[in-house]
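Here the structure comes first, spelled out in structure tokens, and everything after it is commentary.
Note that the structure is a prediction, hence the values are computed from the model and not measured. Per chain, numbering begins at 1; letters A, B, ... match sequence-line order.
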Protein chains: 2
Amino acid sequence: MPQLVASGSYAGGMADSPSPRSAAPGPERLDLAASSVDITRQICDIDSVSGTEKRLADAIEASLADAAHLELIRHGNCVVARTRLGRAQRVVIAGHIDTVPVNANLPTRFETVEGHDYLWGRGTVDMKAGVAVQLKLAAELAEPRVDVTWMWYDNEEVSSELNGLGLLAADRPDLFEGDFAILGEPSNGQVEGGCNGTLRIELRTRGLRAHSARAWVGDNAIHKLGPVLDTLAAYVPREVEVEGLVYREGLNAVGISGGVAGNVIPDEAMVQINYRFAPSRSVAEATAHMHELFPGYEILVVDAAEGARPGLDAPIARNFVAAVGAEPRPKYGWTDVARFSALGIPAVNFGPGNPLKAHADDERVPLQQITDGERALRAWLSGH
Amino acid sequence: MPQLVASGSYAGGMADSPSPRSAAPGPERLDLAASSVDITRQICDIDSVSGTEKRLADAIEASLADAAHLELIRHGNCVVARTRLGRAQRVVIAGHIDTVPVNANLPTRFETVEGHDYLWGRGTVDMKAGVAVQLKLAAELAEPRVDVTWMWYDNEEVSSELNGLGLLAADRPDLFEGDFAILGEPSNGQVEGGCNGTLRIELRTRGLRAHSARAWVGDNAIHKLGPVLDTLAAYVPREVEVEGLVYREGLNAVGISGGVAGNVIPDEAMVQINYRFAPSRSVAEATAHMHELFPGYEILVVDAAEGARPGLDAPIARNFVAAVGAEPRPKYGWTDVARFSALGIPAVNFGPGNPLKAHADDERVPLQQITDGERALRAWLSGH
């Protein structure tokens with residue numbers, strides 16, 4: 001790849017040996033003139049499990065290098081491409097290029113199930129079909145009616161501190177100027193606004209160790225978790241309306257542990273609880289709710305992320321929803337729209353594919369949703 | 001050690017080299033003419049954590065080799081020594097020679113706490129003081145009023161299939177003829193009869209995995225453990241009189257586990273339960289009690305051992321209890337007396353040391369209990 005050869009020390013500039021650059025093939029390029037279905041297939045077949053996105057990022061960068069209407073910025077394995085047309089408004093349109101691990105579901109293949117055509121394979125839903133639509137429109141729409149900042153980023157499927165969008169926002173906040181953001185996460189071609197927040201706590205009970213043959217000398221920490229599990233089982237999650245969308249909450253034990261040995265009364269036990277809360281509630285309020293539900297228990301917050309309000313009352317958001325002809329829905333899972341929300345940019349999820357098929361071994365996207373998605377986004381960005 | 005050199009291939013019998021046997025020191029011997037307190041110290045300072053008992057077993061065998069009144073049998077790292085006087089009754093007196101791992105508590109030392117003298121260190125309580133008393137009496141009592149089969153065995157502190165007494169019983173059942181058995185397990189110098197049985201079960205709940213952002217699609221297996229823990233917390237263990245002794249039962253969670261990942265509704269959870277039951281109940285009855293307490297749950301028995309009835313109604317047992325002047329008590333923990341009980345031999349625990357100090361880092365035995373124990377057992381075996 002050009003940028004590698006130029007900065008490498010092993011070859012370029014050595015006068016007494018032929019330059020490998022002249023012998024090397026050019027950088028891998030995508031065929032962005034193909035259909036968005038075909039582009040989906042091209043980028044799925046370039047395996048890019050989190051941490052191995054470089055090849056795909058290089059191909060994206062190379063494929064857009066000749067697009068005169070785009071300014072290209074490379075940041076790690078993120079590629080940013082933006083128009084600078086001086087439009088009154090700017091929209092950020094983003095998608096992650098990594099996938100969860102492949103499980104014998106690459107290369108992709110077409111299949112027809114009950115009369116519907118699908119592209120099957122890892123990444124087809126989460127979220128390379130969305131990225132494919134974005135790449136095609138980035139290459140082709142030289143004069144959109146709003147300025148567009150396209151962002152393709154790495155490491156979305158792994159821990160938050162590796163997230164390419166987060167690292168980009170930290171280093172280059174200037175790139176995040178915008179009036180509205182669209183994330184191509186699978187939403188069945190509908191518009192899903194905002195997202196629930198998430199909180200993970202460890203709730204611990206304590207006791208006193210003893211030999212289980214003389215249990216009355218000890219104090220069993222595991223037994224003390226009974227009321228906690230009963231509270232969880234009886235809990236009725238709220239359904240909360242935020243800006244017209246109804247968010248469904250969830251409160252669940254996701255792990256439990258305790259025990260020293262088969263003949264020892266345990267002196268400690270722990271249940272890990274995940275609370276998914278509507279975006280009307282902050283992390284601090286969600287944490288307070290845990291203390292209210294489990295008074296007197298030892299509670300440690302191990303993970304937390306604010307939700308995102310749907311932001312659908314912004315005129316540009318309303319205009320987008322109307323243009324793509326979708327009924328907005330709430331997004332239950334946490335997505336990177338929350339990063340935009342935190343920056344004050346209203347953001348929605350809009351992408352092909354059923355989110356319930358994300359990460360599934362039989363991940364597959366309906367071809368119709370890809371072409372419909374391309375048509376809707378093209379129409380809105382073109383203004384006709 | 002002689003038996004090693006004789007069977008080794010590296011030296012013995014090679015005519016052209018000096019025999020290492022003539023140069024080697026004789027086998028290590030214990031000084032059994034010393035006091036039982038001193039013998040306790042000698043055998044504690046020969047570290048014999050389970051699996052490493054050979055050196056001590058060799059020393060015991062060598063120390064009794066010259067006792068003309070004893071027939072010696074070596075079986076692995078068990079040493080059996082028995083009189084063959086043709087007495088009307090035979091008593092088996094046994095003790096294990098292994099210890100739990102040393103934790104900076106060897107070599108032994110004497111200490112005086114609140115006016116009482118102790119020998120401190122690993123094995124002093126569990127159960128080398130008892131073995132020391134046995135070794136001294138085995139060496140000195142050439143004409144006991146009952147025939148005696150002394151047994152010192154290995155691997156009591158580890159899993160049951162390694163237990164030296166169990167392996168000996170399987171290979172040499174003929175050695176287990178007897179009218180009564182005394183195990184030198186620590187019992188504060190009192191007679192503890194029989195022992196509780198023990199049962200360990202794994203109780204499982206099942207559910208359906210789902211992403212925790214859409215918990216309503218799944219079915220949380222951990223939540224289903226709440227009623228199980230409530231039952232355990234509310235359970236009032238029985239106190240059961242068996243042959244005049246009151247056995248206290250115990251029912252406890254000793255382990256709990258479940259969970260797939262921080263964002264997944266778990267499809268399986270497990271609690272491990274230990275039931276210690278009075279010897280009036282069989283393993284089969286104890287298992288049935290678990291199904292009765294937890295109806296409809298998936299239950300797997302992972303470990304079980306029958307208890308042992310105290311056997312104190314046998315005349316020889318009554319005579320022993322009266323002779324040593326003890327008030328018989330129930331033994332709560334499982335001990336090898338259950339092996340004798342299973343063979344139809346009434347058996348009791350009788351040894352110096354507080355069982356609550358067994359396995360403790362500050363394990364220590366009162367010197368008085370060692371000398372009192374020696375005196376009582378000597379008097380009963382001598383008949384005066």
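Most heavy-atom pairs under 4.5 Å with chain A: of the set B/Arg248, B/Lys331, B/Arg214, B/Lys224, this distinction falls to B/Arg248. The candidate with the highest count of non-hydrogen atom pairs below 4.5 Å against chain A, out of B/Gly255, B/Ala233, B/Gly258, is B/Gly258. Annotation: maximal heavy-atom pairing with chain B below 4.5 Å, among A/Val264, A/Thr198, A/Val302, occurs at A/Val264. Among the candidates B/Ala234, B/Gly262, B/Ala210, the residue making the largest number of heavy-atom pairs closer than 4.5 Å to chain A is B/Gly262. Contact count versus chain A (heavy atoms, under 4.5 Å) is highest, among B/Ala215, B/Ser257, B/Pro227, for B/Ser257. Looking only at heavy-atom pairs under 4.5 Å with chain B, the residue among A/Asn196, A/Leu229, A/Ile265, A/Ile256 that has the most is A/Ile256. Between chain B and the options A/Gly226, A/Gly259, A/Pro237, heavy-atom pairs under 4.5 Å are most frequent for A/Gly226.
With a 4.5 Å cut-off on non-hydrogen atoms, B/Leu356 touches chain A through its side chain but not through its backbone. Using a 4.5 Å cut-off between heavy atoms, B/Ala221 makes no contact with chain A at all. For A/His211, the part sitting under 4.5 Å from any heavy atom of chain B is the side chain, from C-beta outward, and nothing else. Looking at A/Asn263, both its backbone and its side chain come within 4.5 Å of chain B, counting heavy atoms on both sides.
Taking a 6.0 Å sphere around CD of B/Glu327, one finds it holds 12 or fewer heavy atoms contributed by other residues, nucleotides or ligands.
For B/His223 (side chain) and A/Ala253 (main-chain N/O), a donor-acceptor pair under 3.5 Å exists by modelled atom type.
Closest non-hydrogen pair, B/Gly333 versus A/Ala213, comes out as CA-CB, 3.5 Å.
A donor atom on one side chain and an acceptor atom on the other are not found under 3.5 Å apart for B/Asn252 and A/Ser212.
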